[in-house]
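All values reported here derive from a predicted model rather than from experimental measurement.
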Amino acid sequence: MSENNNDQQQQMDPAGSTMMFQRFVKENTEPEPTPKRPITPYILAGVGAVVAIGIIVAVVMMWS
């Protein structure tokens, strides 16, 4: 009977579960994911290439 009472106290103790969670987080050895490379430079390079091609096409059409 005292064993059941002790089990209920452990299950209802929020500080105990919080400490168990903190210990779990502290001991977690999962490596952090590598950060993603930014895509903005690729977008800017693509837009620049399209603009450059547009300028070349416009100049060629003016001289033709």
Practice prompt. Count the heavy atoms of every other residue, nucleotide or ligand shown that sit under 6.0 Å from CD1 of I43, and state whether that count exceeds 12.
Written response: yes

Worksheet item: Can you get from Y42 to V50 by hopping between Ile, Leu, Val, Met, Phe, Trp and Tyr side chains that sit under 4.5 Å apart?
Response: no

Worksheet item: Do you know which of V57, I55, V51 makes side-chain contact (heavy atoms from CB on, under 4.5 Å) with I53?
Response: V57

